[in-house]
Amino acid sequence: MVIELAEPLSPGVLRKFRALMVGLSSHFDEKRPGFFDVNVPAERLGVEDGREQDWRKPFPLPLLGNTSADEELTALVGFNPRREDWRRPFLVYLMGPGVGDESIFEAEHSDEPEVKAILGFRPTHAVNVSAGCNREIDHVTTALLTAAVMDVIGGVANVELMDGQASVVAGLPGVLGIAGDDWMALGSAEFLRAWVGHPDFRLVK
């Protein structure tokens, strides 16, 4: 997900951006100013952990396949080694002239007259929020993390849409417009939070 910016981030705003990412993260690595490799616990974004208290329940281990074996061995159980971890991995990075990843920024903004018309400005820089996983919780946390960043730095969210989502998204609060033949929505942090709460919510990954 991308946050479109009308101007470069000032040093003061960049410091607030960094402080936000430090505060939200259980793991924090700054690759360059404005480029953060982080793990963000979903709870810190306001996502309630609805799992039962004793959620590490026994999980059958398929040790023996279909071969015949002693009943005591086939009865063995253990805990699921692939248990869910709510510390979600992200790359969150500022891009554009003078800050880094200029080629990516230019490629993503090379020909977008419709976007410019909706925004009312031509983006000079952007922040990319990229999840490292693709589970339902990652879609939710991506949108909420992007909204949290926008609360600090401003900007407009540029959200890719799946087929059929444009008509749903168009009626949500904070939507500025739909572009790209109904494949892109532009909106505020309020829009992202409203979209997360909608039953048809899902991001393109």
Side-chain angles (χ1 to χ4, degrees), residues 1-10 12-14 16-21 23-25 34 36 38 40-48 50 88 90-96 104-105 108-109 111-131 134-205:
M1 190 177 295
V2 175
I3 302 171
E4 308 288 8
L5 300 172
E7 59 185 11
L9 295 186
S10 69
V13 172
L14 186 57
K16 291 179 180 179
F17 180 22
R18 183 182 190 278
L20 172 73
M21 298 311 302
L24 288 175
S25 304
F36 311 113
V38 296
V40 178
E43 298 92 334
R44 296 186 187 179
L45 294 168
V47 181
E48 183 178 351
R88 314 315 299 167
F90 289 96
L91 293 177
V92 182
Y93 54 95
L94 177 64
M95 57 183 176
I104 297 176
F105 175 81
E108 292 182 352
H109 297 81
D111 185 23
E112 294 185 325
E114 189 178 6
V115 171
K116 180 181 176 181
I118 293 172
L119 293 176
F121 62 85
R122 185 184 187 280
T124 65
H125 294 76
V127 170
N128 193 26
V129 180
S130 178
N134 191 28
R135 303 181 64 139
E136 180 180 356
I137 188 64
D138 299 294
H139 292 244
V140 171
T141 52
T142 297
L144 293 179
L145 177 57
T146 303
V149 172
M150 291 172 67
D151 289 342
V152 172
I153 70 170
V156 176
N158 186 331
V159 183
E160 291 185 71
L161 299 176
M162 300 175 70
D163 189 24
Q165 287 182 332
S167 59
V168 176
V169 166
L172 294 177
V175 174
L176 298 179
I178 307 295
D181 294 325
D182 291 346
W183 295 106
M184 181 189 305
L186 299 160
S188 65
E190 179 189 20
F191 154 59
L192 293 179
R193 293 184 174 109
W195 184 213
V196 167
H198 196 281
D200 292 334
F201 169 75
R202 184 172 176 83
L203 300 178
V204 176
K205 177 64 176 177

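What's counted below: heavy atoms across the whole structure, side chains too, no hydrogens, waters or symmetry copies.
For the pair Ser25/Val40, a side-chain contact is recorded, criterion being any heavy-atom separation below 4.5 Å from C-beta on. Taking the side chain as every heavy atom from C-beta outward, Val38 and Leu24 never approach each other to under 4.5 Å. Between Val168 and Phe201, every side-chain heavy-atom pair lies at or beyond the 4.5 Å cut-off. Contact check for Leu5 versus Val127: side-chain heavy atoms found under the 4.5 Å cut-off. Arg135 is listed as a side-chain neighbour of Asp138, based on a closest heavy-atom distance under 4.5 Å. Under the 4.5 Å side-chain criterion, counting only non-hydrogen atoms from C-beta, Met184 is not in contact with Glu114. Residues Glu160 and Val2 form no side-chain contact, since every pair of their non-hydrogen atoms from C-beta on lies 4.5 Å or further apart.
Taking NZ from Lys16 and CG from Asp151, the interatomic distance works out to 12.5 Å, rounded to the nearest 0.5 Å. Interatomic distance, CG of Asn128 versus CZ of Phe105, reported as 11.5 Å (0.5 Å rounding). Atom CG of Leu172 and atom CG of Leu192 lie 10.0 Å apart (nearest 0.5 Å). Interatomic distance, Thr146 OG1 to Met1 CE, rounded to the nearest 0.5 Å: 4.5 Å. Note that CD1 of Ile178 and CH2 of Trp183 are 12.5 Å apart. Values are rounded to the nearest 0.5 Å. Rounded to the nearest 0.5 Å, atoms CG (Leu14) and CG (Leu9) are 6.0 Å apart.
Of all heavy-atom pairs between Ala6 and Thr124, the closest is O-CG2, 3.3 Å. For Ile3 against Gly155, the heavy-atom pair with the smallest separation is CG2-CA, 3.9 Å. Minimum interatomic distance between Gly23 and Arg44 (heavy atoms only, all atoms of both residues): O-NH1, 3.6 Å. The two residues Phe17 and Val152 have their closest heavy-atom pair at N-CG1, 3.8 Å. Counting all heavy atoms, side chain and backbone alike, Gln165 lies closest to Arg202 at NE2-O, 3.0 Å. Across every non-hydrogen atom of His109 and Ala126, the tightest pair is CE1-CB, 4.1 Å.
In this pair, Trp195 and Phe191 present their aromatic rings parallel. The plane angle is below 30°, not in the 30 to 60° band.
Panel note: side chain His139, backbone Leu203; a donor-acceptor pair is recorded below 3.5 Å. Glu4 contributes no side-chain N or O that, together with a main-chain N or O of Phe121, makes up a donor-acceptor pair within less than 3.5 Å.
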